[in-house]
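Starting from 1, each residue takes its place in the sequence as its number. Order of listing sets the numbers, starting from 1, for every ligand and every atom in it.
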Amino acid sequence: MTTPLRLGIAGLGTVGTGVVRIVRQKADLLAIRAGRPVTIAAVSARNRDRDRGVNLSDYVWEDDPVALARRADVDVFVELMGGSDGPAKAATEAAIAAGKDVVTANKAMLAHHGQALALAAEAAGRVIRFEAAVAGGIPVIKALTEGLAGNEITRVMGVMNGTCNYILTRMQATGQGYNALFEEADKLGYLEADPNLDVGGIDAGHKLALLAAIAFGCQVDFASVALEGIQNITLEDIRHAADMGYRIKLLGVAQMTGRGLEQRMSPCLVPDTSALGQLEGGTNMVVLEGDQVEQIVLRGPGAGMGPTASAVMADVMDIARGARLPTFGQPATSLRRCQTASSATPAPYYLRLSLLDKPGALAKVATLLGEAGISIDRMRQYRHDAVTAPVLIVTHMTTRDALDTALGGIGRLDVLSGKPVALRIETV
Ligand code: HSE
């Protein structure tokens, strides 16, 4: 009962500091729940002198995270440094080689090296847990790996980058453009050190690839995620989509199709009345669909000290209690190399065109859509300004290939001003 579980924490930024706080402040509660004390043996970070507002004097300080990972008095290496390669990966590999379990919040490292790390850990009889890597405080890895273990997962979907959702919902609420709200997000400290990880959809793409691996028993394959960021979303589209009853979200979708595994992270329209449509600010939402459970929706904070440290502690407590789950919910040797679907599942699309005021302009557009086999569900034309009129079209279900064929033809007409915008409407 009294053998403590001893942590070695590498990385004392927001999340690492939050973990230290929980271990210190909730020591009794954790010990009762785990049936053994959870303690910190040693810590490591780049800057020893920074005041982090927590007392670190009880712990051995290691400058080198690899040395920390190898310490004999560390049972679990808690990797909170970040970065797909470099010290995080080196220290994680060292920890596994030294017979330690690993808890990490590092989505980039696992998205790129998850299969190799999982194989190494399982061959050594160790576990790697990563609840904090996906959707911050939402226990989505547990939900998928444990709660839905009796389901065949049919689709995983969600808003998994709070910064993007913050920017998009603030555009809608304030009428300010993308650039102004990017700066606002920056001032609030929401952006990653490399903002392209957020607004380019990469951070959310990493998370989706990890969920897809668990959901579909595939080797994690981030390179196959079709990625598109939010940088080109305009206020006009936010407003026009709202007029048609939609919200624009950076939405991740993973599903297994007859053509292979489809993984997309891109701006999509969702109905404004749906749970995803109503998700405001920096909050995350993950929708899990299984053949038995149908659909469950998880909503919560996707970042921040408390929520992310909470997720790290969920993994620490699992290990303290003796749970030995494989990294991706099944032995890494049994994960398949899944074929990538070469095109997205058909969907309705939203089109915005700026049409010149010429007789027959609209008819020509409709003809080209018809010739590509695309049926129009709804259409709205606004008044002309001096020269052009915005036209919004919602299509029935179609393929992206058919749409691109039609858009190619429409682009060659002499009735357009600027480039048409085409966004997928996701059925949620
Ligand atoms: N930068 C992420 C977000 C949190 O904005 O949701 C860490 O993945």
Side-chain angles (χ1 to χ4, degrees), residues 11-19 78-84 88 103-114 129-141 156-171 178 181-213 220 222 225 227-231 233 248-252 254 263 265-268 276 279-287 298-315:
L12 292 171
T14 308
V15 182
T17 306
V19 171
V78 183
E79 188 282 301
L80 303 173
M81 294 178 284
S84 61
V103 171
T104 179
N106 193 331
K107 62 225 77 174
M109 178 177 75
L110 291 177
H112 288 281
H113 307 293
R129 304 300 304 148
F130 60 95
E131 186 66 72
V134 181
I138 302 177
V140 61
I141 305 291
V156 174
M157 183 165 56
V159 168
M160 297 176 231
N161 184 278
T163 305
C164 289
N165 203 54
Y166 177 84
I167 291 174
L168 292 173
T169 52
R170 287 281 292 164
M171 283 171 79
Y178 172 82
L181 289 160
F182 178 91
E183 277 170 31
E184 184 176 289
D186 194 18
K187 281 199 190 105
L188 290 167
Y190 288 180
L191 288 163
E192 299 279 334
D194 172 5
N196 194 43
L197 290 177
D198 285 315
V199 296
I202 299 164
D203 165 85
H206 288 153
K207 297 168 184 169
L208 184 72
L210 297 177
L211 293 183
V220 59
F222 169 67
V225 179
L227 275 186
E228 194 185 323
I230 64 163
Q231 303 97 323
I233 299 296
I248 300 179
K249 299 286 169 193
L250 179 68
L251 191 69
Q263 302 181 88
M265 181 58 67
S266 58
C268 293
L276 281 162
L279 189 72
E280 297 285 326
T283 309
N284 282 197
M285 181 172 283
V286 186
V287 179
L298 303 168
R299 177 185 185 283
M305 178 185 280
T308 314
S310 159
V312 170
M313 289 309 298
D315 288 336

(request) Provide, to 0.1 Å, the distance between atom 6 (O) of ligand 1 and the closest protein heavy atom, together with that atom's residue and name. (result) Gly162 N, 2.7 Å
(message) With nothing but distance in play, are any N or O atoms of Gly302 less than 3.5 Å from an N or O of ligand 1?
(response) no
(message) Residue-level breakdown please: for Asp198 versus ligand 1, do any non-hydrogen atoms fall below 4.0 Å on the side chain, on the backbone, on both, or on neither?
(response) side chain
(message) Is there a side-chain contact between Met160 and Leu250 in this structure, where contact means two heavy atoms from C-beta onward sitting under 4.5 Å apart?
(response) no
(message) Are the side chains of Tyr178 and Ile233 in contact, using a 4.5 Å heavy-atom criterion?
(response) no
(message) List ligand 1 atoms under 4.0 Å from Glu192, heavy atoms only on the residue side.
(response) 1 (N), 2 (C), 4 (C), 7 (C), 8 (O)
(message) Please identify which of these residues, Asp203, Leu208, Leu251, meets the side chain to side chain contact (heavy atoms under 4.5 Å, CB included) condition with Met265.
(response) Leu208
(message) Looking only at protein heavy atoms, which one is nearest to atom 5 (O) of ligand 1, and what is the separation?
(response) Thr163 OG1, 2.5 Å
(request) Evaluate the side-chain proximity of Tyr166 to Leu191: yes if any heavy-atom separation is below 4.5 Å, no if none is. (result) no
(message) Less than 4.5 Å apart, side chain to side chain, heavy atoms only: is that true for Lys107 and Val134?
(response) no
(request) Look at the rings of His206 and Phe222 and say which category their plane angle falls in: under 30° parallel, 30 to 60° tilted, over 60° perpendicular. (result) tilted
(request) Check each atom of ligand 1 against the heavy atoms of Asp203 and keep those under 4.0 Å away; list them by number with element. (result) 2 (C), 7 (C), 8 (O)
(message) Only heavy atoms of Lys107, strictly under 4.0 Å: list the atoms of ligand 1 that pass.
(response) 7 (C), 8 (O)
